[in-house]
Amino acid sequence: QVQLVESGGGLVQAGGSLRLSCAASGPINRYSMAWFRQASGTEREIVGRVSWSSGGAYYADSVKGRFTISRDNAENTVALLMNSLKPEDTAVYYCAAKTGRSSSYATSYNFWGQGTQVTVSS
């Protein structure tokens with residue numbers, strides 16, 4: 001029921017920062033939100049997620065301490081703040097939404113954006 005559009009990707013040097021944004025077509029207060037990423041030739045993996053109810057966040061070990069998810073229900077947006085970027089962070093980043101509790105499994109999400117490319121050079 002909701003459409004998602006990611007933006008903010010681009011090329012950045014290792015150690016740099018990027019802020020990705022996910023704009024929803026409508027209210028997201030009833031959805032748990034997540035960011036996934038998929039590097040070339042790999043499976044889609046969880047980056048981070050935030051609950052629709054508690055707002056509690058989860059981050060993959062690979063990005064914990066460097067990335068932060070923030071949601072603004074009033075603006076119908078979810079951001080992914082990425083700091084201390086590494087070449088291994090290079091991937092297409094996707095915003096996703098689902099009803100109910102948040103999940104780290106891509107197959108459990110109902111709605112997806114088209115993705116935005118993040119490339120980190122060494």
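Residues Tyr94 and Ile69 fall into different hydrophobic clusters, defined by Ile, Leu, Val, Met, Phe, Trp and Tyr side chains chained together at heavy-atom separations under 4.5 Å. The hydrophobic cluster containing Trp35 also contains Val63, counting ILVMFWY residues as joined when their side-chain heavy atoms lie under 4.5 angstrom apart, directly or transitively. Linking ILVMFWY residues whenever their side-chain heavy atoms come closer than 4.5 Å, directly or via other members, places Val78 and Leu18 in the same cluster.
Heavy atoms only, all atoms of each residue included: Ala23 and Thr77 are closest at CA-CG2, 4.3 Å. Here the shortest heavy-atom pairing between Ser84 and Arg66 reads O-NH1, 3.0 Å. Contact between Lys98 and Ser108 at its shortest, heavy atoms only, is CE-O, 3.3 Å. In terms of heavy-atom proximity, Asn76 sits nearest to Ile28 at OD1-N, 3.9 Å. The two residues Cys95 and Glu6 have their closest heavy-atom pair at N-OE2, 2.7 Å.
From Ser53, atom OG reaches atom CZ of Arg30 across 14.0 Å, with rounding to the nearest 0.5 Å. Rounding to the nearest 0.5 angstrom, the gap separating the CZ atom in Arg101 from the CH2 atom in Trp52 is 12.5 Å. Rounded to the nearest 0.5 Å, atoms OG (Ser121) and CD (Gln13) are 5.0 Å apart.
Residues satisfying the side chain to side chain contact (heavy atoms under 4.5 Å, CB included) criterion with Ser17, sequence neighbours excluded, are Asn83. For Glu45, the salt bridge (Lys or Arg N to Asp or Glu O under 4.0 Å) test picks out Arg37, with sequence neighbours left out.
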**Request:** Could you walk me through whether Thr119 and Val12 pass side chain to side chain contact (heavy atoms under 4.5 Å, CB included), step by step?
**Result:** CA-CA 6 Å; Thr119 302; Val12 64; over 6 Å; no
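Between Tyr93 and Val47 the shortest side-chain heavy-atom distance falls below 4.5 Å. Here the side chains of Asp89 and Val118 are not in contact, with every heavy-atom distance at 4.5 Å or above. Lys64 places none of its side-chain heavy atoms less than 4.5 Å from the side chain of Ser62. Looking only at side-chain heavy atoms (C-beta outward), Thr116 and Leu20 come within less than 4.5 Å of each other. Residues Gln114 and Leu4 are not in side-chain contact: their nearest non-hydrogen atoms beyond the backbone lie 4.5 Å or more apart. Taking the side chain as every heavy atom from C-beta outward, Thr68 and Tyr59 approach each other to under 4.5 Å. Contact annotation: the side chain of Val92 never approaches that of Arg44 to less than 4.5 Å [non-hydrogen atoms, C-beta and beyond]. Looking only at side-chain heavy atoms (C-beta outward), Leu85 and Phe67 come within less than 4.5 Å of each other.
Counting only distance, with no hydrogens or angles, the side chain of Tyr109 and the backbone of Ser103 share a donor-acceptor pair below 3.5 Å. Counting only distance, with no hydrogens or angles, the side chain of Ser32 and the backbone of Ser51 share no donor-acceptor pair below 3.5 Å.
Taking the six-membered ring where the residue is Trp, the centroids of Trp112 and Phe36 are separated by under 6.0 Å.
More than 12 heavy atoms of other residues, nucleotides or ligands shown are found within 6.0 angstrom of CD on Gln117.
Side-chain polar atoms of Arg49 and Ser104 form a donor-acceptor pair below 3.5 angstrom.
Ring-plane geometry between Phe111 and Tyr31 is classed as perpendicular, the angle between the planes exceeding 60 degrees on a 0 to 90 degree scale with a lower cut at 30.
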